[in-house]
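These notes are about the structure you will find just below.
Atoms considered below: every heavy atom in the structure, side chains included; atoms not considered: hydrogens, waters and symmetry mates. Read the numbers this way: they start at 1 and go in the same order the structure lists the ligands and their atoms.
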Amino acid sequence: MAELKTLHNLFEDELRDIYDAERQILKTLPKIIKAVSDQSLREALNEHLEETRGQVDRLDQAFESLALKGKGKHCSGMEGILEEGRDLLEEEGTAAVMDAAFIAGCQRVEHYEITAYGSLMAWAKILGYSDALDLLRANEQEEKAADAKLTKLAESTINRQAGAAGDEIDGEQSRKPSRSKRR
Ligand code: FE
Ligand code: ZN
Ligand code: FE
């Protein structure tokens, strides 16, 4: 563990953490994309994969702007979130239900990133790292847009399709409880 004597130390530490997190995403997201059924969802995730490559570039630039070596530090938080996504790849299920699960997992990723960038941006402001701040903000905006797009996809189509999936399975445990049983 690096020594956290100054806010700069903390900033550098967290910058390395998100750098590693983004690179972990680059490794796992292609596997998720392959498993997704909905065409629009696949396109949205592909687009965000491409954006993520640009985000890593921006982080390289942020390190450079502070004359720091661009080196990651293992992000256990992202590892856990992505592990859940990889676990999902082992499951078998109805296409729309699986897609709803993939969306939920991807939104966990986005929210983790948004909070990480939020803290980094706040510290960059205090520290006067204006170039890094601009780069971090650009990444944060993309994460927020990706999150909003996923919400839209879920709420406009995929959740409803997933909700209808139980209706076709009769007498199985996966079926939702019938109305009469709901009190
Ligand atoms: Fe990202
Ligand atoms: Zn982390
Ligand atoms: Fe993201």
For the residue pair [X] and [Y], confirm or rule out a side-chain donor-acceptor distance under 3.5 Å.
X: H111; Y: E143; answer: no
X: Q55; Y: N139; answer: no
X: Q107; Y: T151; answer: yes
X: D20; Y: Q24; answer: yes

Atom name of the N, O or S atom in E143 that lies nearest to the Fe ion (ligand 1): OE2
E113: its N/O/S atom lying closest to the Fe ion (ligand 1) (atom name): OE2
The Fe ion (ligand 1) to nearest N/O/S of N139 less than 2.8 Å: no
2.8 Å cut-off met by an N, O or S atom of H48 to the Fe ion (ligand 3): yes
Proximal heteroatom of E110 relative to the Fe ion (ligand 3) (N/O/S): OE1
Residue R23 excluded, over 12 heavy atoms near CZ under 6.0 Å: no
